[in-house]
Chemist: 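Sharing a structure, written as structure tokens. Questions coming.
Ligands are counted one by one from 1 in listed order, and the atoms in each one are counted from 1 as well. Position 1 is the first residue of the sequence; numbering continues from there. These values consider heavy atoms only, across backbone and side chains, with no hydrogens, waters or symmetry-generated copies.
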Amino acid sequence: MNEQLEQMDKEYVLHTYARNYVNFTKGINATLFDDKNKDYIDFTSGIAVCSVGHGNKRVADKIYEQISNITHISNLYGIEPQAKLAKRLKELSGYDIRTFFSNSGAEANEGAIKIARKYGETKFENKKYKVITLEHSFHGRTITTVKATGQESMHTPNFAPYPDGFSYKSTVAEVYDSIDEQTVAVMIELVQGEGGVQPFEKQEIQDLAKFLKEKEILLIVDEVQTGVYRTGEFLASNLYEIEPDIVTLAKGLGGGVPIGAIMTKLKDIFSPGDHGSTFGGNPVATAAALAVISSIEKEKILSHVDEVGEYLLTELALIPGVTEVRGAGLLIGLTLNAPVAKALTKKCQDLGALINAPGDSIIRIAPALNVSMKQAQKFVVIFSQAMKEVSHV
Ligand code: PLP
């Protein structure tokens, strides 16, 4: 990024991110170009957002068509692409659900917690309101979703007081013991994304889902990162063969256009006035999401996700200095044998590949779902070279 832009950013934008001052000016599928026309294989996709790549023509055309007709109308009126998208989400998930649309993942989770609280208030004589989440989880940056996030470092006194009723367990097995009379929901990511791409075991999740159902405790699955085919199935919940009471989506749904969703089997939980959003389910965002889904179907991206995912799992595990590779579909985490994740990210960028480091020795990769096998192969070469240079192995 030129110095003037960098200064402008530093001067006028609040400093919530440790910025990397590269100025991307163009994107084609899984490749980004900077202002000096250097190309980068984008294995972050805006952190699992640009599911069908940069500059996807099908999505861009649909957005243009929608935006040049009706950009926004209030939720006081029916919104055609919103209704169509809600129908698609029901069909694709295979669940008997209705959907509320938000603008982000945190907002979707906030709404999911509101649903759980209302369920706990109206269904039982003694109000149930407690939500159990998992350590190392990440559920968002609003005050409530910060508190729902199972990372003590995020519960800084700066933002206190936080809402009551959240507790955290380090394993699924521990969740059972901490359930009490006031527990209304368990909220979980099936693959913890920010926590370093850590998948839970299918069987233990299925057992938990069954147990919670018997106890009339809600299972909320946060699929903000794993949803919309990131793991190779429409939902990670489909992969785990469970039927949660609430599933939240965001990142990949709009392919880069901000949108979130709360899908719930509690179809009549909310009445007009209980919840809302000016922009949620806006015509442009929902038209974009419909186009993302149709791209994934029409461009036959799905079989490809498993193929490229398998290739990456196998090849990356062979690189010296990589001690573990895990994940599902194209959400992949690597553990390194030394805390060099930051240096490696920088080195990869110098060599023309973008990765993300959610921990000192953890790397997350989440390329566009339509990344080509050729790009995956090129990525492995760059990553391997960067590892060599960073760890001198
Ligand atoms: N939940 C999960 C699992 C996430 O990965 C994220 C973002 O990284 C969020 C919630 C928050 O989403 P947003 O940043 O769109 O508010």
Side-chain angles (χ1 to χ4, degrees), residues 14 16-18 43-51 100-116 131-151 153-155 159 166 168 185-200 205 219-231 235-237 239-240 244 246-263 277 279-282 285-286 288-289 292 326-333 355-359 362-367:
L14 278 175
T16 56
Y17 285 86
F43 263 51
T44 65
S45 65
I47 316 199
V49 168
C50 303
S51 40
F100 174 88
F101 292 102
S102 63
N103 310 286
S104 67
E107 268 181 86
N109 288 336
E110 185 91 19
I113 293 164
K114 279 179 77 176
I115 291 176
V131 178
I132 301 171
T133 71
L134 273 289
E135 283 178 13
H136 309 295
S137 58
F138 182 79
H139 298 298
R141 295 282 188 173
T142 63
I143 293 272
T144 303
T145 55
V146 157
K147 190 60 179 167
T149 292
Q151 299 182 42
S153 62
M154 280 186 59
H155 308 154
F159 309 125
F166 293 93
Y168 323 98
V186 172
M187 182 161 167
I188 191 166
E189 294 162 85
L190 299 176
V191 181
Q192 290 185 329
E194 301 301 304
V197 191
Q198 297 289 353
F200 287 100
I205 294 294
L219 175 60
I220 305 173
V221 177
D222 176 347
E223 297 229 28
V224 166
Q225 192 153 152
T226 54
V228 198
Y229 299 110
R230 176 56 52 191
T231 66
L235 300 175
S237 298
L239 192 67
Y240 278 67
I246 306 174
V247 174
T248 56
L249 300 178
K251 289 174 176 285
L253 181 58
V257 175
I259 183 169
I262 312 165
M263 303 156 64
S277 164
F279 291 118
N282 156 292
T286 46
V292 165
R326 58 192 170 267
L330 283 173
L331 182 58
I332 295 175
I355 56 173
N356 164 255
I362 295 175
I363 296 294
R364 168 178 42 189
I365 56 172

Chemist: Which of the atoms of ligand 1 are close to Ser104, meaning less than 4.0 Å from one of its heavy atoms?
Modeler: 15 (O), 16 (O)
Chemist: Hey, which atoms in ligand 1 end up nearer than 4.0 Å to a heavy atom of Asn109?
Modeler: 1 (N), 10 (C)
Chemist: Heavy-atom distances under 4.0 Å are what count here, so tell me which part of Thr248 touches ligand 1: side chain, backbone, both or neither.
Modeler: neither
Chemist: Counting only non-hydrogen atoms of the protein, does one fall under 4.0 Å from atom 14 (O) of ligand 1?
Modeler: no
Chemist: Can a donor-acceptor pair be found, under 3.5 Å and without considering hydrogens, that links the side chain of Ser45 to the backbone of Ala366?
Modeler: yes
Chemist: Assess the pair His155 and Tyr168: is the distance between their ring centroids shorter than 6.0 Å?
Modeler: yes
Chemist: At a non-hydrogen distance cut-off of under 4.0 Å, which region of Glu194 contacts ligand 1 (side chain, backbone, both, or neither)?
Modeler: side chain
Chemist: For Phe200, look at atom CZ and say whether over 12 heavy atoms of other residues, nucleotides or ligands are found less than 6.0 Å away.
Modeler: yes
Chemist: Hey, are the side chains of Ile188 and Ile205 touching, using non-hydrogen atoms and a 4.5 Å cut-off?
Modeler: yes
Chemist: Show your working on side chain to side chain donor-acceptor pair (under 3.5 Å) between Asn103 and Ser277 and close with a plain yes or no.
Modeler: CA-CA 8 Å; Asn103 310 286; Ser277 164; 3.1 Å; yes
Chemist: Are the side chain of Arg326 and the backbone N or O of Gln198 linked by a donor-acceptor pair below 3.5 Å?
Modeler: no
Chemist: Under a 4.5 Å cut-off applied to non-hydrogen side-chain atoms, are Met154 and Phe138 in contact?
Modeler: yes
Chemist: Only one of Val221, Leu235, Thr248 clears side-chain contact (heavy atoms from CB on, under 4.5 Å) with Met263; which?
Modeler: Leu235
Chemist: How far is atom 2 (C) of ligand 1 from its nearest protein heavy atom, and which residue and atom name does that atom have?
Modeler: Phe138 O, 3.3 Å
Chemist: Of Arg364, Gln151, His139, which meets side-chain hydrogen bond (donor to acceptor under 3.5 Å, both in side chains) against Glu194?
Modeler: Arg364
Chemist: Under 4.0 angstrom from ligand 1, any heavy atom of Arg141?
Modeler: no
Chemist: What atoms of ligand 1 come within less than 4.0 Å of a heavy atom belonging to Val224?
Modeler: 1 (N), 2 (C), 4 (C), 6 (C), 9 (C), 10 (C), 12 (O)
Chemist: Looking at Thr133 and Ala148, would you say the former's side chain and the latter's main chain have a donor-acceptor pair under 3.5 Å?
Modeler: yes
Chemist: At a non-hydrogen distance cut-off of under 4.0 Å, which region of Ala250 contacts ligand 1 (side chain, backbone, both, or neither)?
Modeler: neither
Chemist: Just which atoms of ligand 1 are under 4.0 Å from any heavy atom in Gly105?
Modeler: 12 (O), 13 (P), 15 (O), 16 (O)
Chemist: Counting each atom of ligand 1 from 1 as listed, which ones have a heavy atom of Glu189 under 4.0 Å away?
Modeler: 3 (C)
Chemist: Taking non-hydrogen atoms only, is His139 closer than 4.0 angstrom to ligand 1 via side chain, backbone, both or neither?
Modeler: backbone
Chemist: For the 3.5 Å polar cut-off, considering only N or O atoms, please tell me whether Asp222 and ligand 1 meet it.
Modeler: yes
Chemist: Could you say whether the N/O atoms of Gly140 and ligand 1 ever approach to under 3.5 Å?
Modeler: no
Chemist: Among all protein heavy atoms, pick out the one at the shortest distance from atom 5 (O) of ligand 1; state its residue, atom name and that distance to 0.1 Å.
Modeler: Gln225 NE2, 2.7 Å
Chemist: What residue and heavy atom of the protein are closest to atom 16 (O) of ligand 1, and at what distance?
Modeler: Ala106 N, 2.8 Å
